[in-house]
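Have a look at the structure below, then the notes.
Chain identifiers are assigned alphabetically (A, B, ...) following the order of the sequence lines, protein sequences preceding nucleic acid strands; residue numbering begins at 1 within each chain.
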Amino acid sequence: MITVKSFGITGVNGYIVDVEVDIAKGLPGYTLVGLPDNAVKEGKERVKSAIINLDYKFPVGNVVINLAPASAKKEGANYDLPIAIGILANTQIINKPMTDWAFMGELSLNGELRRVNGVLPALLTAVEHGIKNVIIPADNYREAAFVSGINVYTARSLGDVVSYFTGDMLEPGPLVQVQKANFDTLLADAVYPCDMKYVRGQFVAKRALEIAAAGGHNIILIGPPGSGKTMLAKCFQTILPPMTFTESMETTKIHSCAGLLDAEHGIVLTRPFRCPHHTASSASLAGGGKYARPGEISLAHNGVLFLDEMPEYNRSCLELLRQPLENHNIMISRAAATVEYPASFVLVASMNPCPCGYYGSRIQRCKCTQSKIQHYLGKISGPLLDRIDLHIEVDQVTYDDLTNDKLAEDSATIRKRVTAARAIQNQRFNGTEIHCNATMDAAMVKKYCMLDGESEKILKAAFENLNLSARAYTRILKVARTIADLAGSEKILPEHISEAISYRSLDRYNRGANE
Amino acid sequence: MNEIKLIHLGDQDYPQALLDLKDPPKQLYVKGNLDLLKRPLVSIVGTRDCTRYGLTVAKDLAASCAEAGFAVVSGLAEGIDTAAHQGAKENTIAVLGNGIDVYYPVMNHDLQEFIGTHGLLISEYPPDFRGGKTTFPQRNRIVAALGQAVIAVEADLHSGTLITIRKAQELNRDVYAVPGNINCYASQGTNDLIANHGAQMITSTDDLVKSLTGRGKKSKKIVPAKQITLEQQNILNILKTDEMHFDDIVLESGLAVPQLSTLLTNMEMIGLIEKLPGNYFVAK
Ligand SMILES: Nc1ncnc2c1ncn2[C@@H]1O[C@H](COP(=O)(O)OP(=O)(O)OP(=O)(O)O)[C@@H](O)[C@H]1O
Ligand SMILES: [Mg+2]
Ligand SMILES: [Zn+2]
């Protein structure tokens with residue numbers, strides 16, 4: 001019996017799979033066991049064709065393949081290559097020791113290697129287990145370029161792999177050894193899909209987005225159709241601080257498992273911006289489902305989840321956000337086990353101020369009654385609203401503003417300020433689980449958001465005079481902390497509190513009708 | 001908790017003003033502070049489909065009338081009625097088109113509760129009567145008759161408010177209307193009342209109170225001049241003519257966004273300006 005190493009994935013983490021190949025004398029047979037799903041099972045036939053098409057003989061006895069451990073469900077086509085290697089080793093085509101090697105890759109019928117999902121988590125697992133060499137498909141090259149402590153080779157075909165192992169193995173020969181890439185150089189060249197400088201006017205919205213980015217605060221934009229909500233939200237990712245290497249690896253792992261990396265973008269370099277449509281199912285948002293893929297909220301890990309027209313989403317989808325907003329991960333129960341996907345993101349939501357969209361607009365008349373508006377606003381439940389720190393009202397910019405660009409700052413400039421504010425927070429929260437002001441717990445708020453007498457007075461007056469609801473209290477303190485950080489001020493000053501108060505318009509809307 | 005009381009036509013507590021009606025209610029169910037009926041009364045009415053301007057004006061007028069010693073009568077409907085009751089605080093009488101124990105409209109549940117406790121609820125229908133197509137117009141005749149003056153805040157050309165006003169005129173009540181933007185649907189009825197149907201135009205809250213009481217009175221709490229800073233005065237000047245969007249105030253004032261946000265919030269809290277939906281600001 002021959003054992004060849006490969007990898008399986010649960011959630012976004014890898015584990016070692018031993019591919020055991022045994023050929024017994026007797027009636028010809030070809031079986032695959034060890035909890036394979038359909039894609040794995042079909043691999044049997046791909047492997048057979050690939051071997052035959054390479055002009056090697058397929059063994060005549062009873063071929064049994066076992067994927068161990070048998071308890072974990074194996075998914076996907078990445079076992080094709082290790083199975084083929086196991087068979088060829090059994091038939092003595094390859095007769096080198098395999099203990100230091102692991103393999104993953106899908107085969108085409110004529111033996112070409114195709115890219116597979118989950119390479120990054122697999123390689124990280126290989127490093128943990130001290131595996132020295134791994135062979136992966138050529139199209140997965142970029143994904144491997146950031147894993148150190150291991151030799152990774154890429155191959156174009158089964159033929160490449162076989163000729164390497166039948167040769168003297170001194171030179172990579174037909175294989176290509178993956179060169180380590182420099183993360184910081186790549187990061188410097190990261191391209192963003194848009195820039196704040198093209199957004200005209202919208203001063204408050206931009207300022208609020210800057211605060212949201214600096215403190216990791218969730219934000220909702222409220223405004224009539226065409227007021228630029230979607231545009232602003234898309235630009236939000238461009239003012240977030242650059243990804244750290246660790247963040248990039250975390251997010252890449254998730255995107256790798258979801259099969260979203262293409263050959264050119266081997267890793268995720270800019271913070272993801274995910275905008276699931278409001279008709280999206282709970283499974284596509286949360287993850288799981290038949291093939292155990294990470295959902296949209298995990299794909300947004302370390303980036304932005306944008307819910308455009310938030311009240312249009314299914315109630316159950318919105319409720320599902322509560323856990324990740326609180327714990328920064330999501331647990332998915334599957335038949336066999338519960339898997340955990342990371343899901344730490346900033347939520348950016350948008351909504352119209354009323355069902356027709358024009359409440360408060362100076363351009364078109366709102367046709368909604370107060371009770372219809374109440375009902376519409378009520379679609380976003382209190383507990384969800386509780387987790388959104390900043391509420392911003394936007395209106396269409398006028399023609400004058402659209403044609404006047406003298407005040408538009410570019411994203412890079414804003415990003416610098418945001419990054420500086422994050423540095424202060426990193427120092428503040430050094431040694432704790434959290435990274436930014438938005439995620440402070442009650443004790444931290446008490447410790448880091450101390451107010452002087454004057455600020456206390458302002459906050460008290462705001463609750464008395466502006467109809468703020470009680471839930472606004474902690475939100476305002478956290479946002480004021482971020483505003484102070486942006487200003488480089490150790491203390492929260494009265495002006496920081498006043499500004500923070502101005503970003504709570506939804507509290508006041510909600511009260512508007514029955515104050 | 002107040003009890004519901006029943007007053008019959010001819011009882012001592014029965015409001016004399018209703019006797020001007022051809023068909024005065026035979027009985028009234030009441031709940032709350034009956035003393036309000038002894039005050040001079042002003043009715044404030046208007047459309048449910050109103051604008052922000054209407055809401056603000058209704059609230060301000062009601063507040064000034066209450067401060068000048070009037071009780072404010074209205075119909076507890078959405079929109080202008082609601083704003084009028086809110087502005088008058090506990091000095092208000094709501095006349096219902098359904099029984100007092102029925103909460104309608106639902107969104108005004110808390111307001112109805114408040115008025116039943118601190119103000120006064122009136123209905124000519126038994127407590128659990130649910131109201132119907134005709135009972136709300138019927139109720140309007142009581143609103144028209146109770147006030148010595150009736151004020152229309154906003155109404156389009158087809159609004160039921162105009163029927164209430166016509167009723168008030170038949171009953172020889174003083175009729176006032178609030179002028180508005182001629183392009184705005186919600187002011188077309190009220191402007192028409194002023195232009196063609198003899199309503200007196202209200203040009204300010206002071207103006208109304210003076211006209212109602214025959215004496216002048218400052219209705220607004222004016223912040224003493226020394227408390228207004230130069231910065232604040234600058235903003236007030238910018239907002240002198242019209243409401244303005246935040247972005248435009250940035251451009252006019254030359255202030256940075258954080259400073260302006262801070263300044264506007266503070267000004268709003270001391271009542272110098274008001275923030276409107278859509279991030280617009282207006283001087284008070
Ligand atoms: N401030 C702005 N600067 C530059 N272009 C703008 C601005 N606001 C809107 N636009 C233009 O108008 C288009 C519509 O904006 P956008 O789709 O972001 O609005 P929206 O508020 O999301 O509308 P809807 O509610 O209909 O989805 C944008 O594609 C953009 O080209
Ligand atoms: Mg949009
Ligand atoms: Zn509307």
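- Interface remark: B:F114 contributes no atoms to any contact with chain A (heavy atom separation under 4.5 Å).
- Closest approach of A:R207 to B:V257, counting heavy atoms only: CB-CG1, 3.6 Å.
- Taking each heavy atom of A:D395 and B:G278 in turn, the nearest pair found is CB-O, 4.2 Å.
- The environment of A:Y376 atom OH is dense: over 12 non-hydrogen atoms of other residues, nucleotides or ligands sit within 6.0 angstrom.
- The 12-atom threshold is exceeded at NZ of A:K379, counting heavy atoms of other residues, nucleotides or ligands nearer than 6.0 Å.
- If you take CZ on A:F203 and CG on B:N279, they are separated by 12.0 Å, rounding to the nearest 0.5 Å.
- Checked by atom type and distance alone, the side chain of B:D247 never pairs as donor or acceptor with a backbone atom of A:G201 at under 3.5 Å.
- The distance from the OG atom of A:S502 to the CG atom of B:L260 is 9.0 Å, given to the nearest 0.5 Å.
- A pairwise comparison of heavy atoms in B:N266 and A:S498 identifies OD1-OG, 2.7 Å as the closest pair.
- Atom CD of residue B:E78 and atom NZ of residue A:K372 lie 10.0 Å apart, to the nearest 0.5 angstrom.
- No more than 12 heavy atoms of other residues, nucleotides or ligands sit less than 6.0 Å from atom CZ of B:R48.
- For the atom pair OH (B:Y280) and CD (A:E393), the distance works out to 10.5 Å, reported to the nearest 0.5 Å.
- Between the CD1 atom of A:I501 and the CG atom of B:L264 there is a distance of 13.0 Å, given to the nearest 0.5 Å.
- Within the 3.5 Å criterion, the main-chain N or O of A:E499 finds no donor-acceptor partner in the side chain of B:S261.
- More than 12 heavy atoms of other residues, nucleotides or ligands lie within 6.0 Å of NE2 in B:H118, so this atom counts as buried by the packing criterion.
- With a 4.5 Å cut-off on non-hydrogen atoms, B:D49 touches chain A through its side chain but not through its backbone.
- Within a 6.0 Å sphere centred on CZ of A:R315, other residues, nucleotides and ligands contribute more than 12 heavy atoms.
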